[in-house]
2 protein chains.
Amino acid sequence: MNCRSLPILEFIRTVGKENVLTTLEERFCYSYDASKLNALPECVVLPGSAEEIAELVKLANRDRFPIFPRGAGTGMVGASIPAGGGLVISLRRLNRILEIDPENMFAIVEPGVVTGEFQRKVLQYGLFYPPDPASLQFSTLGGNVAMCAGGPRAVKYGVTRDYVMGLEAVLPTGSIIRTGTRTMKGVVGYDLTRLLVGSEGTLGIFTKLTLRLIPAPEDVRTLMAVFPRIDDAARTVCEIIKNRIIPSTLELLDQATIQAVENYLHMGLPLNCEALLLIEVDGRSCLLDEDALRIERICRQNGASQTEVARDPTDRERLWRARRAISPALGQIRPGKINEDVTVPRTLIPTLIRSIRTLAEKYKLIIVCFGHAGDGNIHTNIMLNRKDKDELARAEKAVEELFRIVLQLGGTLSGEHGIGITKSPFFQWEVGAEGFQAMWKIKQALDPLNIMNPGKMFVPNRSFFQS
Amino acid sequence: MNCRSLPILEFIRTVGKENVLTTLEERFCYSYDASKLNALPECVVLPGSAEEIAELVKLANRDRFPIFPRGAGTGMVGASIPAGGGLVISLRRLNRILEIDPENMFAIVEPGVVTGEFQRKVLQYGLFYPPDPASLQFSTLGGNVAMCAGGPRAVKYGVTRDYVMGLEAVLPTGSIIRTGTRTMKGVVGYDLTRLLVGSEGTLGIFTKLTLRLIPAPEDVRTLMAVFPRIDDAARTVCEIIKNRIIPSTLELLDQATIQAVENYLHMGLPLNCEALLLIEVDGRSCLLDEDALRIERICRQNGASQTEVARDPTDRERLWRARRAISPALGQIRPGKINEDVTVPRTLIPTLIRSIRTLAEKYKLIIVCFGHAGDGNIHTNIMLNRKDKDELARAEKAVEELFRIVLQLGGTLSGEHGIGITKSPFFQWEVGAEGFQAMWKIKQALDPLNIMNPGKMFVPNRSFFQS
């Protein structure tokens, strides 16, 4: 496909000249995401309404060119990459918070609103929008919903799916639908809302989102616990929850992560321990000190050599520094990494981590594990220099083996990143041929010409994985 | 369609002679549900495995006869009625709890497990399965999932959808799929789990369900508050939640309901008040007395003339007696009723109830309102004698007008009962022509011969509504 095949003049008529980008420099900005994959689109448009998007989608169906909806481009799996070229539809201009209803506790937003900004805004009403992907200061609600983003707080509050009550979307044939309700309950017809949540831009382009809000927790307590043995840390995670305390955050850092962070920050992290837990509880103020004490006790009973409760916000910030420094710290080990967000039932975290250590030895790789232990979501980072073809080949073999192990443990290949391009070769491993067929039938039914975000999920595309 | 067109011998070969029911008496037992609609099936089978169901579904596709999956037949909208005749597939024999994993807090069950029994079983592990449709002592988990059942506790805990992590189902073409995960997170492909939840038996027959469990609340407190004015009661509902107390139950009874219950039970309910709230809070024991006190204060500040906190379980039982007696009590007013479970944003409950009063006057009907005020789900009962054709005609007009009002208020036609047969004439009013088309495309993609539970949702069928 080349530039001339796109009806640029009609794009200009639809969204205005200033919202059609065709120069190489402009298009380059919309060619990549956090997966480090990239592909140059022929054109980028920035529509300002659902009607304009519907018009663009109808043009795509008429002229049979692919369209790629795009939020902030912070995705980890290449789901917004215009693979093969075509038209990128950026939702950047649809960035208004249309309504916040503090009494009925919902908000209606456009997809381009930045998640962190939305959270700060609703907090002014004493309300809380819990999903907190690491990208939340940049990523948009539309992108979060398209990928069903997670985050540390999922262990207590669930994921993006649990906060989408309804939406307006342009379907792949250009019709505009409104799904769901403004109420907790609603059972009228198929749940198109949840079908579209996590559909990775392949079934519809969101133009409005009705999001559920909850009362903001009164306060929070933050703890850190150091474990000489990682098995003890993993068991502690289960013990806390068995004691009916559901922390709002239950993060685990393994030894390699601690080492990397300490090398980077020099903040005095203990290097002789196998794991560190960062734990937060939130809710009613009057309970939190008791909860923190109980968690400290559970940690110590289960092998923690050291525990620490943050005394004040500054202290809390210090404890979080280690967690936040992970990404830049890892950059010092190798320039690149493959970050897999595999998830297993939480009792199987020790088994998973032992298997990952074996893989690291077998394939002579540095594999760093950290993540959301409370919900079994362990970010497994294979550190690599992509220019080292041998290392890359070993890493790919390790990923394949990792995925087999995770599925044997009853886990999932992706807790929060999605399939996109990078995981499409493994998609069927998890959902099976029958599940794959059912999903593909739905895709074909709603997008008969395969116009909307093609080449994702359903297309095994090893060359992208290797790029 | 008549009996001879069904391959009875092949049914017998598939599920065994004792599990194929063909006599009139047997078939009659599977002809109705709680909607009072009925239609006689040609045959009823009770399969014992997913493989047997797949076999039956393949026969249906081969010979083109309709199949009607059925749980306990407690549905309110005729969704399990074999309208037009065909084969009823009862899930009664698939009634095992296969696994309870207390550490990872999920259970795997077959669809025929009775909801209340499941709740008691998991409670032995200190775990809680919150969805509590009124039918829970009879209805099955499979039926609850097929209809996305709600209940009083939805205001705090959400609905059935929020507790289904994954499932195994036989699709309308006979293939068996496994969807979802055993983990809180999981974003691999389209969310077939939630597409099938609430699909009312039209997209798949469940053979296994993976259900999320949570720690059981330590204790509960029950309160009753009497309001001379119903607007005050409705405002109180919002005020409680604005004060960051989310009760586990927030039930409202209007004056007509109170009168009916008092006539039935003679328990000394105040007859000169317009509304009564039955409120429960659950959670950490140490907070509940304070919560109950705060709720009492909010009730009084907002116009309650009387409040009462249950002192012990016997006292609690007494307060619940009024709520539980509603159904039999209403039977004394008229032999029949049309029970619509409309839902509006909770601040609009007073508007809704005023409109309903106007409708009652306009159409000279007795309309009784009660229900789950916390989530805006008001059960609107038009009392009638179905043999009185004039009353029935007026009731139907009132329902139509009610639905228009609810949609104008940004509400939904059904909070928890579903569409089935009785609401199919109004289905498009809510989802729109475009939404309807999208759902119908999905149905056709997965069930090209329209074999599975046909004549539901998508087919306006006034004659059934009138039967």
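Side chains included, hydrogens not; waters and symmetry mates left out as well; all remaining heavy atoms used. Naming: A, B, ... by sequence-line order, numbering from 1 per chain.
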Using a cut-off of under 4.5 Å for heavy-atom pairs, which of [options] has the most such pairs with chain B?
| options | answer |
| --- | --- |
| A438(A), G180(A), G376(A), A433(A) | A438(A) |
| D162(A), V188(A), D375(A) | V188(A) |
| R244(A), E416(A), K456(A) | R244(A) |
| P215(A), G198(A), P345(A), A149(A) | P345(A) |
| L348(A), L203(A), I176(A), L195(A) | L203(A) |

Between Y190(B) and F458(A), is the ring centre distance below 6.0 Å? yes

Heavy-atom distances under 4.5 Å only: say whether [X] touches chain B with side chain, backbone, both or neither.
| X | result |
| --- | --- |
| C148(A) | both |
| H372(A) | side chain |
| K443(A) | both |
| V159(A) | side chain |
| T193(A) | neither |
| L171(A) | side chain |

M105(A) side chain near I246(B) side chain, heavy-atom distance below 4.5 Å: yes

Less than 4.5 Å apart, side chain to side chain, heavy atoms only: is that true for R178(A) and E434(B)?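 With C-beta onward as the side chain, the pair stays apart.
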
Where the side chain of [X] meets the backbone of [Y], is there a donor-acceptor pair that is under 3.5 Å apart?
| X | Y | answer |
| --- | --- | --- |
| R182(A) | G411(B) | no |
| N104(A) | T347(B) | yes |
| K185(A) | G151(B) | yes |

Counting heavy-atom pairs under 4.5 Å to chain A, which of [options] comes out on top?
| options | result |
| --- | --- |
| I442(B), V187(B), L196(B), I241(B) | V187(B) |
| G158(B), A216(B), P102(B) | A216(B) |
| L127(B), I177(B), V155(B) | I177(B) |

Atom group of [X] that falls short of 4.5 Å from chain A, counting heavy atoms:
| X | value |
| --- | --- |
| E290(B) | side chain |
| L192(B) | side chain |
| T181(B) | side chain |
| P448(B) | neither |
| E200(B) | side chain |
| E430(B) | side chain |

Look up atom [atom1] in [X] and atom [atom2] in [Y], then write down how far apart they are to the nearest 0.5 Å.
| X | Y | atom1 | atom2 | answer |
| --- | --- | --- | --- | --- |
| I214(B) | K156(A) | CD1 | NZ | 12.0 Å |
| T179(A) | M439(B) | OG1 | CE | 8.0 Å |
| K242(B) | Y125(A) | NZ | OH | 12.5 Å |

Taking it one step at a time, do R284(A) and D291(B) satisfy salt bridge (charged side-chain N to carboxylate O under 4.0 Å, His left out)? CA-CA 11 Å; R284(A) 300 276 282 267; D291(B) 281 353; 2.6 Å; yes

Lys/Arg N to Asp/Glu carboxylate O, D101(B) vs R346(A), below 4.0 Å: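 No, this pair does not count.
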
Is the shortest side-chain N to carboxylate O distance from K441(A) to D447(B) below 4.0 Å? no

What is the minimum heavy-atom distance between [X] and [Y], and which atoms define it?
| X | Y | answer |
| --- | --- | --- |
| C286(B) | L287(A) | SG-CD2, 3.3 Å |
| R161(A) | G186(B) | NH2-O, 3.2 Å |
| A154(B) | M184(A) | O-CE, 3.0 Å |
| E103(A) | C238(B) | OE1-CB, 3.9 Å |
| I419(B) | G189(A) | CG1-N, 3.9 Å |

Worked check of side-chain contact (heavy atoms from CB on, under 4.5 Å) between T183(B) and V344(A): CA-CA 7 Å; T183(B) 53; V344(A) 294; 5.5 Å; no

Dump the intermediate steps for salt bridge (charged side-chain N to carboxylate O under 4.0 Å, His left out) on D191(B) and R194(A), then the final yes or no. CA-CA 7 Å; D191(B) 193 345; R194(A) 275 94 192 170; over 6 Å; no

